[in-house]
Amino acid sequence: GWSEAVAAAVSALRAGGLVAVPTDTVYGVACLAQDSGAVRSIYSLKGRNGRKPLAICLGDVEQLYRYCQVNVPEQLLRDLLPGPVTLVLKRSEELNKDLNPFTSLVGVRIPNHPFIRELARACSGPLALTSANISSQASTLTVSEFKDLWPQLSLVIDGGPIGDVQSPECRLGSTVVDLSVSGKFTIIRPGCALASTVEILRQKYGLMPGSS
């Protein structure tokens with residue numbers, strides 16, 4: 001059942017494990033962001049460049065203020081989150097120094113998926129989240145697509161296929177937008193929600209595109 005799956009995932013994460021989870025875009029691998037050993041494990045699992053940052057995942061908008069320096073209206077956050085968007089903001093002192101130590105920014109996800117939001121709420125701190133694939137390979141929409149990683153994962157939560165497995169657009173992942181400079185936005189990755197995100201930022205909030 002649902003609550004048993006959440007409890008099993010929380011237990012695995014607290015033990016320093018890596019857990020594969022469905023999100024609103026693609027399958028992800030999560031660990032506790034404040035656990036430096038688990039963060040290192042994610043890089044090792046994916047063969048990921050150590051200078052490529054990990055996003056954090058939260059359950060609710062209110063938590064952003066604890067881990068980020070927010071310089072946009074709260075309603076802007078709520079217009080985009082939860083949803084298939086990663087907001088890049090200045091990080092706060094509260095966030096683990098070993099997570100992305102090479103940058104003062106952090107990407108934040110609140111996926112519009114009930115399981116991962118409940119899991120994030122059940123953990124005391126943020127999750128570190130990345131896509132469930134080897135770096136530079138295609139994103140995954142079913143658990144069988146990343147079965148090469150299963151042996152190194154503590155738990156795999158099978159939420160069924162995400163989106164249309166035949167559609168390349170479904171594998172784009174979240175739209176990543178940098179909001180760390182007041183009054184501006186910079187698209188770091190177009191992702192799957194580019195047009196709607198830019199429309200909200202420009203039309204509703206009057207933000208101007210920055211130079212990427």
Side-chain angles (χ1 to χ4, degrees), residues 23-26 28-30 33-34 39 42-43 46 48-113 116-117 120-121 125-131 133 135-136 139 163 168-212:
T23 76
D24 53 354
T25 54
V26 296
V29 174
Q34 305 294 72
V39 168
I42 274 197
Y43 279 93
K46 287 181 56 104
R48 188 179 176 89
N49 178 338
R51 308 244 346 139
K52 209 170 165 193
L54 295 174
I56 61 170
C57 170
L58 303 170
D60 297 287
V61 165
E62 293 81 8
Q63 293 179 288
L64 258 85
Y65 294 89
R66 184 168 173 189
Y67 300 104
C68 305
Q69 298 171 32
V70 179
N71 59 342
V72 294
E74 182 171 341
Q75 190 54 48
L76 184 156
L77 301 178
R78 294 187 180 279
D79 283 346
L80 295 175
L81 302 173
V85 182
T86 301
L87 300 184
V88 177
L89 297 161
K90 284 200 161 56
R91 58 194 285 156
S92 77
E93 289 295 309
E94 188 96 7
L95 200 56
N96 179 5
K97 304 279 187 297
D98 290 335
L99 181 83
N100 312 337
F102 44 82
T103 174
S104 60
L105 307 177
V106 67
V108 185
R109 278 278 272 136
I110 303 178
N112 190 15
H113 191 288
I116 193 167
R117 289 189 70 195
R121 290 184 188 117
L127 301 175
L129 184 66
T130 182
S131 53
N133 57 339
S135 278
S136 82
S139 302
E169 284 74 40
C170 282
R171 297 183 190 271
L172 291 175
S174 62
T175 294
V176 183
V177 56
D178 185 338
L179 296 177
S180 63
V181 178
S182 292
K184 294 193 185 304
F185 70 91
T186 302
I187 301 298
I188 295 174
R189 181 175 74 191
C192 63
L194 179 63
S196 56
T197 301
V198 169
E199 183 180 4
I200 287 169
L201 296 175
R202 290 195 79 150
Q203 306 302 331
K204 187 167 180 182
Y205 293 98
L207 270 60
M208 296 304 295
S211 55
S212 50

In short, Ala30 meets Leu129 closest at the heavy-atom pair CB-CD1, 4.1 Å

Determine the minimum heavy-atom distance between Gly191 and Leu172, stating which atoms define it.
O-CD1, 3.6 Å

Single hit among Ile116, Leu58, Asp60 for side-chain contact (heavy atoms from CB on, under 4.5 Å) with Arg121:
Asp60

Could you tell me if Thr86 and Ser174 have a donor-acceptor pair between their side chains, going purely by distance under 3.5 Å?
yes

Between OG1 on residue Thr175 and CG on residue Leu80, distance to nearest 0.5 Å:
9.5 Å

Identified side-chain contact (heavy atoms from CB on, under 4.5 Å) counterpart of Leu105 within the set Ile188, Leu179, Leu89, Asp178:
Asp178

Side-chain contact, heavy-atom cut-off 4.5 Å: Leu77 with Leu64?
yes

Donor-acceptor contact below 3.5 Å, side chain Ser131 vs main chain Asn133:
no

Between Arg66 and Glu62, does at least one N-O distance fall below 4.0 Å, as a salt bridge requires?
no

Ser180 side, atom OG; Lys90 side, atom NZ - distance, nearest 0.5 Å:
4.5 Å

Got a second to check how far Leu127's CG is from Leu54's CG, nearest 0.5 Å?
11.5 Å

Could you grab the distance from atom OG1 of Thr130 to atom CD1 of Ile42, nearest 0.5 Å is fine?
6.5 Å

What closest approach, in Å, do Thr25 and Cys192 show between heavy atoms, and which atom pair accounts for it?
CG2-SG, 3.8 Å

Could you grab the distance from atom OG1 of Thr103 to atom NZ of Lys52, nearest 0.5 Å is fine?
14.5 Å

Can a salt bridge be assigned to the pair Asp24 and Arg109 using a cut-off of 4.0 Å between side-chain N and carboxylate O?
yes

Residue pair Gly59 / Ile110: nearest heavy atoms and the distance that separates them
O-CG2, 3.7 Å

What heavy-atom pair brings Tyr205 and Leu76 nearest, and what distance separates the two atoms?
OH-N, 3.1 Å

Nearest-0.5 Å distance that lies between atom SG in Cys68 and atom CZ in Arg91
9.5 Å

Is the shortest heavy-atom distance from the side chain of Thr197 to the side chain of Phe185 under 4.5 Å?
no

Please answer whether the main-chain N or O of Asn96 pairs with a side-chain N or O of Gln34 as donor and acceptor at a distance below 3.5 Å.
yes

For the residue pair Leu95 and Pro126, establish whether any side-chain heavy-atom pair is separated by less than 4.5 Å.
yes

Evaluate the criterion side chain to side chain contact (heavy atoms under 4.5 Å, CB included) for residue pair Val177 and Leu87; output intermediate values, then yes/no.
CA-CA 5 Å; Val177 56; Leu87 300 184; 3.5 Å; yes

If we only count heavy atoms from C-beta on, is the Val106 to Tyr67 side-chain gap below 4.5 Å?
no

Under 4.5 Å between any side-chain heavy atoms of Phe102 and Pro53, yes or no?
yes

Has the side chain of Arg171 got a donor or acceptor atom that lies under 3.5 Å from a matching backbone atom of Ser139?
yes

Check Arg202 against Pro209 and note the closest heavy-atom contact, atom names and distance.
NH1-CG, 3.5 Å

